Amino acid sequence: MTDLHARPWWERGTIYQIYPRSFQDSDGDGVGDLAGIERRLDYLVDLGIDAIWISPIFPSPMADFGYDVADYCDIEPMFGDLAAFDRLLTAVHARGLKLLLDFVPNHTSDQHLWFRESRASRDNPKRDWYIWRDAKPDGGPPNNWISDFGGSAWEWDAATGQYYLHAFLKEQPDLNWRNPEVREAMANVLRFWLDRGVDGFRIDVLWHIVKDAAFPDNPLNPDWTPAINARDEVFQTYSTDQPEAHAISADMRALADSYGERVLIGEIFLPNEAHARWFGTPERPQVHLPFNFQLIETAWNVAKLRQVIADYEASIPAFGWPNWVIGSHDAPRIAARIGEAQARVATMLLLTLRGTPTLYQGDELGIGQVAIPHDRMRDPQYFRQPGVDVGRDRSRTPMPWDASANAGFSTGEPWLPLNDDWPTRNVAVQGADAGSMLTLTRDLLALRRAHDALSVGSITLVESEDDVLSYLRQHEEEQLLIVLNLSSSDHAYRVPDGYDVETVLASTKAPRAIDSRIAADEGLVLRLKRTA
Ligand code: NOJ
Ligand code: MG
């Protein structure tokens, strides 16, 4: 019998992503901050999550809204200072929650002192901390690598006559992780925050950190057209997922483990087999949770989702643990993508699958499409690829807390507009409404906590009618059947042989009695009993 209590919190628990610029402002500058997060912790306790991961809060020129770090061991003044951080961490722990920071190892800001030194001269001791290469004989960039935000990944530096590599903006030069001094400096960054008491890290674009030493051209993607993301013009064969990066990831894990129970979550986009390698091996483990973004990327239909669940489950090594993500500051809002009725079903899916769920702020309110006028857009990705639908601002709008001015987010003008329906779609209104998305999310989180079958049980897909996604979660004597109707008509569903439905534990619609049919856009959690 498994000892459930031996299961670490990151396997049983739910992670909640806070985008700090947009969670809660405390000083009226229209941008969220650490004191704001602290003020809203009780909301998160009520919601029923276990850990918060906060997107970067370090000093930053904000070219990529914090993912361009100018100093890894301090707090951006807009967000607060180290004392405010310590207060927040104490308050988080006092509530029994965990706090994860966002570690951005692939690149720094071009304003980081390391880069300013590196670009100062070719013989600066920090020159090799970044990736500098000569021009091709024709003066062009060293190879065909493309920035994830469009354009060449190489920027010419006239002063020193070389190109430097940037997988993202030119304001985000890539560090050279083959240099042992870089590795040591970054290990010290992890130690700095672990010593302060953080419970772990989400690691930004972990699979990017090492590049092929020969810098060959990446293969061209024959299916690419200018209408899709510029990033996809080439396959990132030589610029990502190198063997040396796995060794570094294992070193990061060893460092985290030396602090006791700390978790590492890697941001990694790869097909299952390559993705699962980031768990490492039992002898030399890597990240605890390689983020699994497949619910974001998969078409919303039963056949595709069944395949994704089956294939992903099959790829997890015996010592590994699955996880699921359905929204983030980079992806379109789930309710914008599939509509509000199905977003409720999606929440049930996320919170009943086997594996740690990550919930993105605002998805618990079902925030959908937000219309942001061009002149209020802020995301560099939007401006760098005109006409391609890659802007991320629509998922980064401020949390609507109540019906007061600026939705209670700020006394000043918010840095991005609110969702248009904020006077009714906000925490205060939904918290008082038994039928709201917020109440559903809270109820499902409580259910997940109360039922080991949901948090740690096994999962088995169940054949059902078309449009109905169904699976069993089982632990010891308890059998729960999850039935999700992805269509707008009602359906019959199948109960596995030898079982009857005992109780309806949850519905995405109003509370209801047992029925052999599932309503349109409904999701159900059913407790089964053996037939007599
Ligand atoms: C992934 C982050 O989630 C995204 O917001 C950022 O732009 C890139 N990494 C670069 O750091
Ligand atoms: Mg503020």
Side-chain angles (χ1 to χ4, degrees), residues 17-40 53-58 60-70 72 75-81 84 88 100-110 112 147-150 153 165-175 201-209 229-231 236 239-240 265-269 290-291 293 296 325 327-332 358 360-361 378-385 390-396 398-399 406 408-416:
Q17 182 191 354
I18 290 184
Y19 193 67
R21 297 180 60 91
S22 296
F23 195 61
Q24 174 68 60
D25 182 22
S26 72
D27 59 1
D29 67 353
V31 180
D33 42 49
L34 299 187
I37 297 174
E38 190 182 340
R39 223 180 90 198
R40 294 297 185 180
W53 145 39
I54 311 180
S55 281
I57 50 176
F58 317 107
S60 167
M62 297 283 161
D64 191 20
F65 296 106
Y67 285 95
D68 47 326
V69 178
Y72 289 99
I75 298 291
E76 160 63 38
M78 193 186 287
F79 294 138
D81 54 19
L88 173 63
L100 310 180
L101 286 179
D102 205 316
F103 179 50
V104 187
N106 180 68
H107 44 269
T108 68
S109 161
D110 64 347
H112 196 295
S147 149
D148 271 32
F149 294 149
L165 181 70
H166 58 92
F168 297 88
L169 297 175
K170 69 174 173 21
E171 292 84 1
Q172 294 168 294
D174 280 34
L175 281 163
F201 301 91
R202 174 265 192 190
I203 308 175
D204 191 65
V205 295
L206 178 59
W207 86 116
H208 269 264
I209 60 175
N229 201 337
R231 176 197 64 202
Q236 298 183 331
S239 48
T240 64
I265 304 175
E267 187 200 17
I268 297 152
F269 285 87
F291 254 154
F293 299 104
I296 289 177
V325 182
S328 81
H329 65 296
D330 293 331
T358 298
Y360 177 53
Q361 80 178 38
R378 304 289 296 274
D379 179 18
Q381 194 170 13
Y382 169 84
F383 292 105
R384 288 187 54 82
Q385 295 190 53
V390 288
R392 301 170 294 180
D393 291 316
R394 288 167 298 183
S395 307
R396 299 176 174 183
M399 271 294 275
N406 300 319
F409 165 70
S410 176
T411 55
E413 176 70 12
W415 75 287
L416 278 177

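Just so you know, residue 1 is the first one in the sequence shown, and it goes up from there. If you're wondering where the values come from, they're calculated on a predicted model, not measured in any experiment. Counting starts at 1 for both ligands and their atoms, following the listed order.
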(Q) Taking 4.0 angstrom as the limit and counting only heavy atoms of Arg396, give me the atoms of ligand 1 inside it, by number and element. (A) 5 (O)
**Q.** ligand 1 contact on Arg202 by region, counting heavy-atom pairs under 4.0 Å
**A.** side chain
Q) Would you say the side chains of Trp415 and Ser22 form a donor-acceptor pair under 3.5 Å? A) yes
Q | Ser109 and Gln172 side chains, donor-acceptor separation under 3.5 Å | A | no
Q) Looking at Phe149, which atoms of ligand 1 are within less than 4.0 Å of one of its heavy atoms? A) 7 (O)
Q | Ligand-side contact atoms (ligand 1) for residue partner His107, heavy atom cut-off under 4.0 Å | A | 10 (C), 11 (O)
Q. Taking atom 6 (C) of ligand 1 as the point of reference, which of Val104, Asp102, Asp64 owns the nearest heavy atom?
A. Asp64
Q) Where on Tyr19 is there a heavy atom closer than 4.0 Å to ligand 1, on the side chain, on the backbone, on both, or on neither? A) neither
Q: Measure from the side-chain N and O atoms of Asp379 to the backbone N and O of Phe383, and report whether any donor-acceptor pair falls under 3.5 Å.
A: no
Q. To which protein heavy atom is atom 1 (C) of ligand 1 closest, and what is the distance rounded to 0.1 Å?
A. Asp204 OD1, 2.9 Å
Q: Specify which N/O/S atom of Asp27 comes nearest to the Mg ion (ligand 2), by atom name.
A: OD1
**Q.** Metal check, the Mg ion (ligand 2) vs Gly32 N/O/S, cut-off below 2.8 Å
**A.** no
Q.
Within ligand 1, which atoms have a heavy atom of Arg392 less than 4.0 Å away?
A. 4 (C), 5 (O), 6 (C), 7 (O)
Q. Given the side-chain rings of Tyr360 and Trp53, with only the six-membered ring counted for Trp, is the space between their centroids under 6.0 Å?
A. no
Q) Do Asn406 side-chain atoms and Gly412 backbone N/O form a donor-acceptor pair below 3.5 Å? A) yes
Q) At a non-hydrogen distance cut-off of under 4.0 Å, which region of Gln17 contacts ligand 1 (side chain, backbone, both, or neither)? A) neither
Q | Aromatic ring proximity, centroids under 6.0 angstrom, His107 and Tyr67 | A | no
Q: Only counting residues at least two apart or in another chain, list the ones meeting side-chain contact (heavy atoms from CB on, under 4.5 Å) with Ile296.
A: Phe293, Val325, Ala331
Q: Under 4.0 Å, heavy atoms only, figure out whether ligand 1 is touched by the backbone of Gln381, its side chain, both or neither.
A: neither
**Q.** ligand 1 atoms in contact with His329 (distance to a heavy atom under 4.0 Å)
**A.** 2 (C), 3 (O), 4 (C), 5 (O)
Q: Using only heavy-atom distances, determine whether the side chains of Gln24 and Asp33 contain a donor-acceptor pair under 3.5 Å.
A: no
Q) Which residue owns the protein heavy atom closest to atom 3 (O) of ligand 1, what's the atom, and how far is it? A) Asp330 OD2, 2.5 Å
(Q) Out of all atoms in ligand 1, which are within 4.0 Å of some heavy atom of Glu267? Include the element for each. (A) 1 (C), 3 (O), 9 (N)
Q. Is the His208-Phe269 ring centre distance short of 6.0 angstrom?
A. no
